[in-house]
Amino acid sequence: MSKKLDMEILASLCKRRGFIFQSSELYGGINGFWDYGPLGCELKRNIKNAWWKHIVRTREDVVGLDATIIMHPAIWKASGHADGFADPMVDCKDCRKRFRADQLCEEQGLELIKDGKTVALPDGAKCPACGSRNLTAPRSFNLMFKTFVGPIEDDSNAAWLRPETAQAIFAQFSNIIATARQKVPFGVAQMGKSFRNEINPRNYTFRSREFEQMELEFFIRPDEAVELICGRVTTLADKPDLTGEPQESWGWEVWLHYWIEQRLAWYRSIGLPAEHLELYWQTGDELAHYARACVDIEYAFPFGVQELEGIAARGDFDLTQHQRHSGKQMDVFDEALKQAADKLDAAAKEAFTEKVVAEWTARNQSPEAARAFVAKLFEGKYVPHVVEPSAGTDRLALALLSNAYDEETLTDDKGKTDQRTVMRFHPSIAPIKLGVFPLVKNKPELYAKAREIFAQLQRRWNCFWDESGAIGRRYRRMDEAGTPWCATVDFQTLEDGTVTLRDRDSMQQVRLSVPELIQKLDTEIG
RNA sequence: GCGAGCGUAGCUCAGUGGUAGAGCUCCACCUUGCCAAGGUGGUUGUCGUGGGUUCAAAUCCCAUCGCUCGCUCCA
């Protein structure tokens with residue numbers, strides 16, 4: 001089966017069964033925007049609930065945030081997102097690096113050719129990285145959606161729809177730490193819509209202009225602070241147990257791997273086991289300049305292996321940027337650190353300082369910056385570092401849909417074959433958990449009993465009532481919706497209260513009492 | 001952004017200048033004692049949209065929107 005065919009078949013099923021519709025289809029559609037139908041919105045809600053439960057509710061060290069989509073424009077200046085669109089950029093077609101056209105010209109003693117709103121590169125401009133002259137023309141990248149706050153469409157009122165949810169966490173960091181009764185290490189999680197005016201949306205819902213993210217910023221101590229407090233920093237070489245409780249001595253690299261393990265465990269819990277995922281470590285060239293390490297969790301979509309989530313160790317870049325732009329201090333006071341520093345004598349402090357200076361200068365950072373950082377540490381203060389697991393909700397929904405899709409050829413007793421389409425969702429994310437059917441609908445007592453059982457179970461999970469057509473047809477309809485079980489009420493139900501529970505994947509049936517059914521489903525849905 | 005292909009019922013598609021169709025789905029009733037296949041009846045389309053050519057356009061032309069693929073892009 002060709003890759004193209006796969007995606008078209010999936011898109012067709014998604015539309016036919018009500019998972020995903022094109023946005024504004026009535027008016028011809030709008031590129032890069034998608035709606036989730038009755039089944040799709042349940043699926044997405046289940047994904048988000050599962051994420052929130054795993055990241056926030058079942059931990060003591062992560063709290064939530066629900067920030068606005070439109071924020072102060074200065075946030076995007078501080079984060080670096082504004083630079084890319086404010087100034088025309090040129091790309092090197094050979095080494096694929098991107099530069100601001102004005103800076104490139106200035107560095108090379110050239111003058112950017114300006115004619116009204118359009119700009120052009122002068123002859124002789126070359127790539128600062130590789131020296132190639134194979135550069136694109138300067139282009140503006142309006143990748144953030146612009147809008148105006150207030151009724152006047154004036155640039156002084158311009159604002160942007162957020163291109164990521166994460167910045168709000170940094171911008172509200174001080175308020176959160178003042179109110180949440182958390183101490184570093186701790187995290188702040190947020191889910192919500194983000195917007196990017198993608199040049200070319202592609203691959204069904206994969207690259208959309210309006211999309212949803214599930215992001216965690218997990219704040220940790222700088223390794224130097226860990227060393228002062230614990231006397232040493234646990235690294236990967238120490239083979240720490242990443243599946244157990246986090247340890248105070250962990251350095252940033254261990255935290256990064258801890259979160260990778262956490263995220264993989266979560267994907268497993270919603271039916272995307274590790275063997276369906278790939279970890280891609282960004283290389284030095286690909287890393288953003290501030291990132292220490294970044295790993296992509298990728299899924300093999302029908303159109304290629306693509307990123308579901310990025311987990312980045314971002315150092316203290318973001319908080320420091322906001323500290324610089326806002327003029328407000330972003331450092332935290334760490335009692336344990338202060339106490340540890342107070343126990344050191346002058347000689348030990350000097351030795352520690354020199355060690356840090358040596359490490360920082362080896363990473364091309366200035367000795368002055370290193371000394372200022374250590375001086376703060378001795379006061380018990382630092383700007384927290386961060387590990388950022390950032391996942392795409394819609395991408396994950398698409399991965400789960402792709403992963404769930406299956407076609408099965410069945411052969412009955414008489415040797416007749418028949419094809420069955422099944423969405424094999426994990427019960428925890430399946431839009432409908434249980435179909436409830438009367439075996440036949442023209443027997444009043446049976447029908448009434450089935451309605452009674454449906455009403456009882458519907459309070460517990462999203463259930464679907466279906467009385468139309470032959471029983472087999474009803475099972476098959478539920479298969480396409482990905483409903484893991486169907487309960488059929490028959491004449492025996494009237495005698496002993498048991499129902500037939502039919503399993504989506506095996507098509508096997510068992511007789512259970514309603515309490516037994518509830519217990520079984522509770523266990524498997526999780 | 002460039003190039004190519006596509007757009008007809010909810011889905012899959014036929015229809016190349018002359019009355020818009022098929023299969024499946026869906027709905028109602030009947031039938032049906034556990035895996036889509038029985039019976040009867042029924043709903044659904046400005047043929048993506050707009051304009052042009054023509055006595056006449058789903059069909060030819062132009063534009064536009066959307067989808068797919070390749071390049072590009074993906075801070």
Side-chain angles (χ1 to χ4, degrees), chain A residues 2-9 11-18 21-34 37 76 79-87 89 91 93 96-100 136-137 139-144 163-164 196-209 286 288-290 302-304 306-307 310 408 410-414 416-422 435 437-443 446 467-480 486-494 499-504 506-511:
Chain A
S2 79
K3 287 177 176 179
K4 187 183 165 199
L5 194 60
D6 262 354
M7 218 53 206
E8 282 175 359
I9 287 174
S12 163
L13 180 135
C14 284
K15 182 173 184 187
R16 177 159 36 92
R17 299 260 61 133
F21 307 127
Q22 191 178 10
S23 170
S24 316
E25 192 189 86
L26 188 63
Y27 291 95
I30 178 166
N31 191 294
F33 298 88
W34 300 91
W76 308 115
S79 70
H81 288 85
D83 288 338
F85 80 86
D87 303 293
M89 308 289 282
D91 293 296
K93 290 177 180 173
R96 295 177 162 246
K97 287 207 166 64
R98 171 170 293 165
F99 310 94
R100 275 172 58 175
T136 63
R139 294 177 290 187
S140 290
F141 280 74
N142 288 292
L143 295 188
M144 284 198 291
E164 61 172 44
R196 295 185 196 186
N197 208 348
E198 297 287 353
I199 295 166
N200 194 358
R202 271 294 165 85
N203 292 328
Y204 199 26
T205 62
F206 183 81
R207 180 170 292 141
S208 299
R209 290 186 163 126
E286 296 163 320
H289 63 279
Y290 48 78
F303 47 81
Q306 296 278 348
E307 178 187 352
E408 200 176 50
L410 305 171
T411 308
D412 70 11
D413 301 342
K414 295 166 195 150
K416 276 167 76 178
T417 61
D418 169 32
Q419 194 162 58
R420 180 171 84 117
T421 302
V422 200
F437 314 145
L439 183 58
V440 292
K441 68 176 167 182
N442 58 355
K443 299 290 188 294
L446 186 59
E467 62 185 46
S468 99
I471 193 76
R473 178 182 297 260
R474 287 179 255 167
Y475 288 148
R476 298 299 178 86
R477 280 193 286 242
M478 285 288 97
D479 288 342
E480 282 203 348
C486 296
T488 299
V489 174
D490 58 18
F491 291 97
Q492 193 180 329
T493 313
L494 298 175
V499 297
T500 302
L501 188 71
R502 180 262 194 184
D503 181 86
R504 175 195 66 200
S506 66
M507 298 171 72
Q508 297 297 306
Q509 304 184 127
V510 290
R511 284 210 80 89

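Worth knowing before you read on, the calculation uses all heavy atoms, side chains too, and leaves out hydrogens, waters and symmetry mates. Order of the sequence lines fixes the chain letters, A, B, ..., with proteins taken first and strands second; residue numbering starts at 1 for each chain. It should be emphasised that the depicted structure is a prediction, and the values quoted were computed from it without experimental measurement.
The shortest distance between the side-chain N/O atoms of A:N442 and the OP1/OP2 oxygens of B:U31 is below 4.0 Å. Side-chain nitrogen and oxygen atoms of A:K443 include none within less than 4.0 Å of the OP1 or OP2 phosphate oxygen of B:U32.
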Can you check nucleotides 25-27 of chain B for protein contacts, nitrogen or oxygen pairs under 3.5 Å, and list what you find?
| residue | atom | partner | partner atom | Å |
| --- | --- | --- | --- | --- |
| B:U25 | OP1 | A:R473 | NH1 | 3.3 |
| B:C26 | OP1 | A:R477 | NH1 | 2.9 |
| B:C26 | OP2 | A:R473 | NH1 | 3.4 |

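Comparing B:U31, B:A75, B:C34 by their nearest atom to the side chain of A:I471 picks out B:C34.
Remark: P of B:C24 and CD of A:E480 are 16 Å apart, rounded to the nearest angstrom. Atom pair A:M7:CE and B:C69:P shows a separation of 9 Å (rounding to whole Å applied). Between A:R502 atom CZ and B:C34 atom P the separation is 14 Å, expressed in whole Å.
Closest-nucleotide positions on RNA chain B for A:W34 and A:A470 were compared, and the one nearer the 5' end corresponds to A:A470. In this structure, A:Y475 and A:E25 both approach RNA chain B, and ranking their closest nucleotides by distance from the 5' end singles out A:E25.
On a pure distance criterion of 3.5 Å, no polar donor-acceptor pair joins the side chain of A:S12 and the base of B:C11. Under 3.5 Å, the side chain of A:Y204 and the base of B:C67 form no donor-acceptor pair of N or O atoms.
A:S23 places none of its side-chain heavy atoms less than 4.5 Å from the side chain of A:W34.
Residues forming a side-chain hydrogen bond (donor to acceptor under 3.5 Å, both in side chains) with A:E467 (at least two apart in sequence, or on another chain): A:Y447, A:W465.
Base engagement by A:R196 is indicated by at least one non-hydrogen atom pair under 4.0 Å involving a base atom.
Taking a pair to require two hydrogen-bonding distances under 3.5 Å in either a Watson-Crick or a G-U wobble arrangement, B:U43 remains unpaired.
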